[in-house]
Amino acid sequence: MTDNSIKKRLTPLSGLIFFSRWLQLPLYLGLILAQCVYVFHFWVELTDLIGAAMGNQAALDHILDAVSTGGNRPSKLNETTIMLVVLGLIDVVMISNLLIMVIIGGYETFVSKLGLEGHPDQPEWLSHVNASVLKVKLAMAIIGISSIHLLKTFINAENYIPKVLIAQTVIHIAFLLSALAIAYCDQIVTKTQLAGNEH
């Protein structure tokens with residue numbers, strides 16, 4: 001059956017509803033702009049870290065202000081400070097990865113095919129992506145981001161009150177349980193579909 005025959009069968013209302021998926025395009029373009037902001041932020045932080053390591057006082061002040069919490073500002077660039085800054089950079093990268101998954105996977109799933117079949121740079125995960133798989137991958141990415149935030153908090157634990165430490169741990173556990181629930185539901189749906197195909 002050709003694309004032309006499918007188009008001919010669509011009523012004006014069906015065609016309008018189907019065409020409405022393109023309303024999501026500005027959203028994905030907006031996320032690309034957000035990705036640009038994260039790239040800029042990453043390079044600013046990296047430049048300041050390198051500058052601070054080489055003795056630039058302005059870069060050092062910016063780094064120390066960035067890692068200070070609760071009014072406790074470190075006095076120099078030490079191992080803990082460097083680790084906090086590097087974890088912040090990793091956090092930016094992981095959020096950027098999350099954005100890429102949403103932009104590419106969401107567009108491919110909900111708007112239109114990208115036509116990447118056979119392309120040497122096609123992401124491995126995109127070859128079998130659907131709404132269900134995308135949800136699981138996004139949940140895993142969010143857990144990774146939450147883990148980085150929790151690690152940053154524990155490294156700098158002396159500057160946080162116990163209530164904050166407990167709250168962040170509980171939130172992280174909630175993310176873990178949510179991801180497990182999503183994966184379990186996805187497994188049930190997959191088994192149901194396979195059972196239906198066998199009959």
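Each residue takes its place number in the sequence, starting with 1.
- By the side-chain contact (heavy atoms from CB on, under 4.5 Å) test, I148 is found to be paired with L87, I90, D91, M94, K152, residues two or more places apart in sequence or in another chain being considered.
- L25 has its side chain within reach of Y107: a pair of non-hydrogen atoms, C-beta onward, lies under 4.5 Å apart.
- Within the 4.5 Å cutoff, side-chain heavy atoms of L29 are placed close to those of I32.
- In this structure, V44 shares a hydrophobic cluster with F40, the cluster being traced through Ile, Leu, Val, Met, Phe, Trp and Tyr side chains under 4.5 angstrom apart.
- Considering only residues two or more places apart in sequence or on other chains, S20 meets the side chain to side chain donor-acceptor pair (under 3.5 Å) condition with none of them.
- Nearest heavy atom pair, residue Y28 against residue V111, reads CE1-CG2, 3.7 Å.
- Here the CZ-CH2 distance, from F19 to W22, works out to 8.0 Å after rounding to the nearest 0.5 Å.
- Residue A141 comes nearest to L98 through the heavy atom pair CB-CD1, 3.7 Å, listed as atom of the first residue, atom of the second, then distance.
- S147 contributes a side-chain N or O that, together with a main-chain N or O of I143, makes up a donor-acceptor pair within less than 3.5 Å.
- In this structure, L84 is a member of the same hydrophobic cluster as L46, with clusters built from ILVMFWY side-chain heavy atoms closer than 4.5 Å.
- Annotation: side chain to side chain donor-acceptor pair (under 3.5 Å) contacts involving residues 35-44, sequence neighbours excluded, comprise Q35-S96.
- Note: the hydrophobic cluster containing V86 also contains I95 (ILVMFWY, side chain heavy atoms under 4.5 Å, direct or indirect links).
- For E45, the side chain to side chain donor-acceptor pair (under 3.5 Å) criterion is met by no residue, not counting sequence neighbours.
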Legend entry - Evaluation steps, side-chain contact (heavy atoms from CB on, under 4.5 Å), between T169 and F154: CA-CA 10 Å; T169 304; F154 284 157; 3.6 Å; yes
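- When all heavy atoms are compared, the tightest approach of A139 to A179 is CB-CB, 3.9 Å.
- Taking 4.5 Å as the limit, every side-chain heavy atom of E79 sits out of range of all side-chain heavy atoms of I82.
- In this structure, the side-chain contact (heavy atoms from CB on, under 4.5 Å) partners of L13, at least two apart in sequence or on a different chain, are T11, I17.
- Rounding to the nearest 0.5 Å gives a distance of 10.0 Å between CG of L31 and CD1 of I100.
- Note: T153 OG1 to L165 CG = 7.0 Å, rounded to the nearest 0.5 Å.
- Under a hydrophobic clustering in which Ile, Leu, Val, Met, Phe, Trp and Tyr are joined whenever their side-chain heavy atoms come within less than 4.5 Å, directly or via other members, I171 and I166 fall into different clusters.
- When all heavy atoms are compared, the tightest approach of L99 to A34 is CD1-C, 4.3 Å.
- Within the model, atoms CD1 of I145 and CG of L150 stand 13.5 Å from one another, a figure rounded to the nearest 0.5 Å.
- For the atom pair NZ of K113 and CD of E108, the computed distance is 4.5 Å after rounding to the nearest 0.5 Å.
- With F18 as the aromatic partner, R21 meets the cation-pi criteria of under 6.0 angstrom to the ring centre and within 45 degrees of the ring axis.
- The distance from atom CE of M140 to atom CE of M101, rounded to the nearest 0.5 Å, is 10.0 Å.
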